[in-house]
Amino acid sequence: MKAPLYQLKAEFFKTLGHPVRIRVLELLSEREHAVSEMLAETDVEAAHLSQQLAVLRRSNLVVARREGSTVHYSLTSPQVADLLAVARSILSGVLAGQAELLADLHAAAPRTPPPP
């Protein structure tokens with residue numbers, strides 16, 4: 001039986017649900033990176049990065065290319081970078097709305113007189 005589209009979407013977003021995987025995808029949105037470069041940028045252990053890269057490979061979001069002893073990664077589609085840009089835009093709007101709400105709360109807070 002074929003999985004419904006909403007279930008496939010949920011699995012896709014679960015794949016994106018890890019900070020290291022998001023950081024890797026952000027780096028790869030800029031350009032192809034060697035694993036050693038990503039290690040420096042993500043500040044995680046090599047085994048942990050390797051694990052996260054494996055998840056992204058299995059989900060077909062990234063592809064590896066070997067050059068000698070160096071492994072380089074890139075996105076399988078520029079649409080992944082587009083998705084991250086849309087997420088950033090949505091979050092910017094949400095955070096701006098929260099900042100406005102916080103400012104409104106501070107403005108509406110009753111003024112307490114200073115202690116004598």
Side-chain angles (χ1 to χ4, degrees):
M1 179 169 9
K2 190 170 112 178
L5 184 56
Y6 62 84
Q7 186 174 352
L8 295 173
K9 286 180 183 178
E11 290 299 319
F12 174 76
F13 283 109
K14 279 184 197 176
T15 300
L16 299 178
H18 193 283
V20 173
R21 291 194 289 262
I22 293 294
R23 182 66 183 128
V24 165
L25 293 173
E26 287 174 340
L27 291 169
L28 298 178
S29 293
E30 299 166 3
R31 63 176 174 81
E32 178 182 81
H33 278 74
V35 172
S36 59
E37 294 174 311
M38 289 187 283
L39 275 170
E41 292 288 333
T42 58
D43 196 33
V44 296
E45 297 292 324
H48 187 60
L49 179 60
S50 177
Q51 199 175 44
Q52 301 310 320
L53 286 166
V55 171
L56 293 172
R57 274 194 321 271
R58 281 193 303 272
S59 298
N60 294 315
L61 293 175
V62 300
V63 63
R65 174 181 69 80
R66 183 173 293 279
E67 188 175 292
S69 62
T70 305
V71 179
H72 297 266
Y73 279 87
S74 60
L75 296 177
T76 56
S77 167
Q79 290 176 317
V80 175
D82 295 342
L83 176 64
L84 292 172
V86 169
R88 181 182 305 259
S89 176
I90 291 168
L91 285 173
S92 292
V94 167
L95 293 174
Q98 289 176 351
E100 289 174 20
L101 178 60
L102 184 59
D104 289 347
L105 286 172
H106 284 295
R111 303 283 179 206
T112 57

Completion exercise
Residues pairing under ring-ring contact (aromatic ring centres under 6.0 Å, His included) where one sits in residues 72-105, two or more places apart or in two chains, turn out to be none
Without placing hydrogens or testing angles, list every side-chain donor-acceptor pair under 3.5 Å for residues 60-69, not counting sequence neighbours.
{"unit_1": "Arg65", "atom_1": "NE", "unit_2": "Glu32", "atom_2": "OE2", "d": "3.1"}
{"unit_1": "Arg65", "atom_1": "NH1", "unit_2": "Glu67", "atom_2": "OE1", "d": "2.8"}
{"unit_1": "Arg65", "atom_1": "NH2", "unit_2": "Glu32", "atom_2": "OE1", "d": "2.5"}
{"unit_1": "Arg65", "atom_1": "NH2", "unit_2": "Glu32", "atom_2": "OE2", "d": "3.4"}

Exercise for the section: Enumerate the residue pairs fulfilling salt bridge (charged side-chain N to carboxylate O under 4.0 Å, His left out) with a member in residues 43-58, sequence neighbours excluded, ordered by first and then second residue. Expected result: none
Just distance, no hydrogens or angles: give the donor-acceptor pairs under 3.5 Å from side chains in residues 78-94, sequence neighbours left out.
{"unit_1": "Ser92", "atom_1": "OG", "unit_2": "Arg88", "atom_2": "O", "d": "3.0"}

Please report, to 0.1 Å, the donor-acceptor pairs under 3.5 Å made by any side chain of residues 15-25, with sequence neighbours excluded.
{"unit_1": "Thr15", "atom_1": "OG1", "unit_2": "Glu11", "atom_2": "O", "d": "3.1"}
{"unit_1": "Thr15", "atom_1": "OG1", "unit_2": "Ser59", "atom_2": "OG", "d": "3.3"}
{"unit_1": "His18", "atom_1": "ND1", "unit_2": "Val20", "atom_2": "N", "d": "3.1"}
{"unit_1": "Arg21", "atom_1": "NE", "unit_2": "Thr15", "atom_2": "O", "d": "2.6"}
{"unit_1": "Arg21", "atom_1": "NH1", "unit_2": "Gln52", "atom_2": "OE1", "d": "2.5"}
{"unit_1": "Arg21", "atom_1": "NH2", "unit_2": "Thr15", "atom_2": "O", "d": "3.4"}
{"unit_1": "Arg23", "atom_1": "NH2", "unit_2": "Glu41", "atom_2": "OE1", "d": "3.3"}

Problem - Single-linkage hydrophobic cluster, 4.5 Å side-chain cutoff, Leu53 and Leu27 together - result: yes
Practice task
Supply the atom-to-atom distance Glu30 CD to Leu75 CG, rounded to the nearest 0.5 angstrom.
Solution key: 10.5 Å
Completion exercise
CD (Glu37) and CG (Leu28) are apart, to the nearest 0.5 Å, by 9.5 Å
Exercise for the section: Can you sort out the partners of Gln51 under side-chain hydrogen bond (donor to acceptor under 3.5 Å, both in side chains), two or more places apart, ordered by chain and number? Expected result: none
Exercise for the section: Grab the two heavy atoms, one from Ala46 and one from Leu39, that are nearest each other, plus how far apart they are. Expected result: CA-CD2, 3.5 Å
